[in-house]
Amino acid sequence: MARITTTQRLLPRAPAAAPRPVVFVALPGTQLLDIVGPMEAFDVANRLLLTRGRPAAYSLSIAAPAARIGSASGAQVYTTPLARVKPPH
């Protein structure tokens, strides 16, 4: 007989759903930490799910008015142009 852990009782396996798209909108001159910090939080959530044998819950991307923008520090950020971002259904 398989042993059921407390975590398994609290987090029942749901059918695998497609990852939820999370789009971070960046403007020219943005601080990189304002984009990367929140992205890291979602990435950590995905990694925790993966370590538990569950699929990632979020797909992450950065969108901006152009395909490439300059940050406040001068670093270039390659993005998805806002015109190509699909609205949520």
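Scope of the values below: all heavy atoms of this structure, side chains included, with no hydrogens, waters or symmetry mates.
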### Message
Could you measure the distance from the OH atom of Tyr78 to the CZ atom of Arg68? Nearest 0.5 Å is fine.
### Response
4.5 Å
### Task
List the atom of Val85, the atom of Ala63, and the distance in Å for their closest heavy-atom pair.
CG2-CB, 3.6 Å
### Task
Would you mind reporting whether Val23 and Ile62 have side-chain heavy atoms less than 4.5 Å apart?
no
### 4.5 Å side-chain heavy-atom contact, Phe24 and Pro38
yes
### Message
Could you check whether any side-chain N or O of Thr79 sits under 3.5 Å from a backbone N or O of Ala66, counting only pairs where one atom can act as donor and the other as acceptor?
### Response
yes
### Query
Side chains of Pro65 and Leu27: does their closest heavy-atom pair fall under 4.5 Å?
yes
### Task
Starting at OG of Ser71, measure out to CG of Leu33 and round the result to the nearest 0.5 Å.
11.5 Å
## Note on the structure
Scanning both residues in full, the closest heavy-atom pair of Ala26 with Ala64 reads O-CB, 3.2 Å
### Query
Is the count of non-hydrogen atoms from other residues, nucleotides or ligands lying under 6.0 Å from Leu32 atom CG greater than 12?
yes
### Query
What distance separates Leu60 CG from Arg20 CZ, expressed to the nearest 0.5 Å?
12.0 Å
### Listed partners of Asp43 passing salt bridge (Lys or Arg N to Asp or Glu O under 4.0 Å), at least two apart
Arg47
### Query
Do Met39 and Ile69 sit in the same hydrophobic cluster, where Ile, Leu, Val, Met, Phe, Trp and Tyr count as joined when their side-chain heavy atoms come under 4.5 Å apart?
yes
## Note on the structure
Heavy atoms of Ser59 and Pro19 approach each other most closely as N-CB, 3.8 Å
#### Entry: Leu49 reachable from Phe42 in the ILVMFWY side-chain graph, under 4.5 Å edges
no
### Task
Go through the steps to decide whether Arg54 and Leu50 satisfy the test side chain to side chain contact (heavy atoms under 4.5 Å, CB included), and finish with yes or no.
CA-CA 5 Å; Arg54 300 179 77 178; Leu50 292 171; over 6 Å; no
